[in-house]
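Single-structure report; data block below.
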Amino acid sequence: MITLEQVSKTFAARSGPVRALDQVSLEVQQGEIYGVIGRSGAGKSTLIRTVNMLERPDSGTVTVDGVDLTGLGAAELRRARQGIGMIFQQFNLLESRTVRGNVELALEIAGVDRAARRARSGEILELVGLTDRAHARVFELSGGQKQRVGIARALAADPKVLLSDEATSALDPETTASILGLLRELNRELGLTILLITHEMDVVKTLCDSAALMRDGRIVEHGRLDDIVLRTDSVMSRDLFPLGELPEPRGTAIIEITFVGLASEEPVISRLARTHELDVSLLGAAIETIHGRQTGRTRLELSGSAAQIDAAVADLQGQGLTVNRVREAA
Amino acid sequence: MIDSSDPDFWPDLFATVWKATGETLYQVGWTLLLTAILGVIVGTLLVVTDKGGMLERPLGSRALGRTINVVLQLIVNLGRSIPFIILMIALIPFTRLILGTAFGVTAAIVPLTVAAVPFFARIVEMSLREVAPGLLEAGSSLGATRWQLVSKVLLPEALPGLILGFTTTAVSVVNFSAIVGTIGGGGLGDVAMRYGYQRYSTEYIVVVIIVLVAIVACIQALGGWMSNRMRRGGTPSARSAAEVPPA
């Protein structure tokens, strides 16, 4: 649905040129929620802004819904933008208009007539749960309500794609959760494709189907979240399950087991100890709810012969667990 | 010196001042109408043709945008830096050219407008620059044309500030209108000059002052009320801007 190919963008700063995007390629499937995570200054904001050409890339192509936006003229680009909604960290609502007026702005721009605007704005405000606030002024709203208006405005002209530029970063955790819930709902009910950028791993793990990590203008890793959680070599996965530093080598083996959909690791540990007669100590564990499923990672230290450990690992893998051998026994 | 004990003194005074007030309001009214239109156009052009503005390259030419911007900046700066009394005299040939006469109540509208437009254009420019860039981005992301961005986002969002700025401009125009009165522009300035200055009538001066103060107070009150109504619960800093004393 969204394809970026070899997109580069350099800004001129006082200290010299800054390469905000360096040959970035990205593919977002239809109906998917795709999160780009990175620290501030990593280039993610520039990245999302190239998708609707608020920022024109120096090179590379941006294709949305089969149309290469980099090749469009001004009028065609405006039409294409009507098919790409966008929400912002600072909401960017017009104080001069009511809630309904903000939503209708999108429809006025799209050339929808008055009666149809009325009908559509009512419909979309109901969808985001703001029917009773239609006539409120923007300054009367809470942050969460403002973002709901932002979402309603972005979706009023019925776009296929929604871009979210740190949409929950200015909100408290509870409000963030309710906005993320709304986005998930819209994704499911409308088949909306969502590309979001964030600096919060929480947003990625509660909402995203796929994710990419950006650093210094590049995408350093990306993939389906279900796959990422199973990879111990992944930076994102390490951020999801922070287990701390490895201890000093002391002749023992260290393994990491990643569980998906299991509530407890207890039977595993006792099984290692009982069946394989290993000494097991727990070095660290982290559990997260990802896509509504309990997902966790445990780091275990095993003392025993190499053969015992091999057998134990094979046994765990046989049970469908993902096991990574972080350090071999000396 | 006029004899204030003359039974016709007060009726004459009120008739004169009444007529002069009408002239002043007519003059100020037309000047403000023209100033509002031209000031918004010039002020908007100053912002949109500036670097990073949406009309940075009109017809695809950065040079054209830059030229428009520089020329307008120059005109506005020039207009703002020439004292009104000198500008008024300098404009006599120009006024005669477009109206056929350089003196009188109507003719004075020309120098008044020429003085007020740069003043108001600068205020328009400042108000528009205060509109958060994110709002224009939001408009762009919805596929707005440049005209839609100006008419649906930029100007409406700046409106409370524009009204306050226009109020300040209006008070200045009343002030300037009194000055043109002294060189044949009619109105309250003319009355103050002829009766107060040349014939030493304190009564005339006092009544003229009372009327001018009343006009300014009405303008200020109306402007403040409209701006607040529009802003409804706006920021304190925006409200204090209404207290800027007249120029």
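Throughout, protein chains are lettered first and strands after them, A, B, ... in sequence-line order, and every chain is numbered starting at 1.
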Q: Could you please spell out the steps behind the side-chain contact (heavy atoms from CB on, under 4.5 Å) verdict for A/Asp158 and A/Arg120?
A: CA-CA 10 Å; A/Asp158 212 9; A/Arg120 176 66 182 154; 4.1 Å; yes
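- Of residues 142-152 of chain B, those residues with a non-hydrogen atom less than 4.5 Å from any non-hydrogen atom of chain A are, in numerical order, B/Leu142, B/Gly143, B/Ala144, B/Thr145, B/Gln148, B/Lys152.
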Identify each donor-acceptor pair in which a side-chain atom of residues 111-124 of chain B lies under 3.5 Å from a protein atom, sequence neighbours left out, and give them as a table.
| residue | atom | partner | partner atom | Å |
| --- | --- | --- | --- | --- |
| B/Thr113 | OG1 | B/Ile109 | O | 2.7 |
| B/Arg122 | NH1 | B/Gln73 | OE1 | 3.0 |
| B/Arg122 | NH1 | B/Glu125 | OE1 | 2.6 |
| B/Arg122 | NH2 | B/Gln73 | OE1 | 3.4 |
| B/Arg122 | NH2 | B/Asn77 | OD1 | 2.5 |

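- With B/Gln27 contributing its side chain and B/Gly185 its backbone, the two residues share a donor-acceptor pair below 3.5 Å.
- A donor-acceptor pair shorter than 3.5 Å cannot be found between the side chains of A/Thr193 and A/Tyr34.
- Using a 4.5 Å cut-off between heavy atoms, A/Leu93 contacts chain B through its backbone alone, with no side-chain atom that close.
- When A/Gln82, A/Gln90, A/Arg79, A/Glu140 are compared by the number of non-hydrogen pairs under 4.5 Å with chain B, A/Gln82 comes out ahead.
- Both the backbone and the side chain of A/Leu94 come within less than 4.5 Å of a heavy atom in chain B.
- With values rounded to the nearest 0.5 angstrom, A/Glu123 atom CD is found 11.0 Å from A/Thr131 atom OG1.
- Under a cut-off of 6.0 angstrom, the local environment of CZ in B/Arg66 is sparse, with at most 12 non-hydrogen atoms contributed by other residues, nucleotides or ligands.
- Within 6.0 Å of CD on A/Glu5 lie no more than 12 heavy atoms contributed by other residues, nucleotides or ligands.
- Of the N and O atoms on the side chains of B/Glu157 and A/Ser96, at least one donor lies less than 3.5 Å from an acceptor on the other residue.
- A distance-only check finds a donor-acceptor pair linking the side chain of A/Asn187 to the backbone of A/Leu192 [under 3.5 Å].
- Residue contact with chain B, scored on non-hydrogen atoms closer than 4.5 Å, is absent for A/Ala157.
- Under the 3.5 Å distance criterion, with hydrogens and angles disregarded, a donor-acceptor pair is assigned to the side chains of A/Glu104 and A/Ser121.
- In this structure a side-chain-to-backbone donor-acceptor pair under 3.5 Å is present from B/Thr24 to B/Leu188.
- Under the 4.0 Å criterion applied to side-chain N and carboxylate O atoms, A/Lys44 and A/Glu166 are assigned as salt-bridge partners.
- Not a single donor-acceptor pair under 3.5 Å links the side chain of A/Arg97 to the backbone N or O of A/Asn102.
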Q: Check step by step if side-chain contact (heavy atoms from CB on, under 4.5 Å) holds for A/Glu108 and A/Arg117.
A: CA-CA 8 Å; A/Glu108 287 169 28; A/Arg117 285 204 302 263; 3.6 Å; yes
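- For A/Val24 against A/Gly217, the heavy-atom pair with the smallest separation is CG2-O, 3.3 Å.
- Against chain A, the residues from residues 134-141 of chain B that qualify, each with a non-hydrogen atom under 4.5 angstrom away, are B/Gly134, B/Leu135, B/Glu137, B/Ala138, B/Gly139, B/Ser140, B/Ser141 in number order.
- Along residues 52-65 of chain B, no residue comes nearer than 4.5 angstrom to chain A, judged on non-hydrogen atoms.
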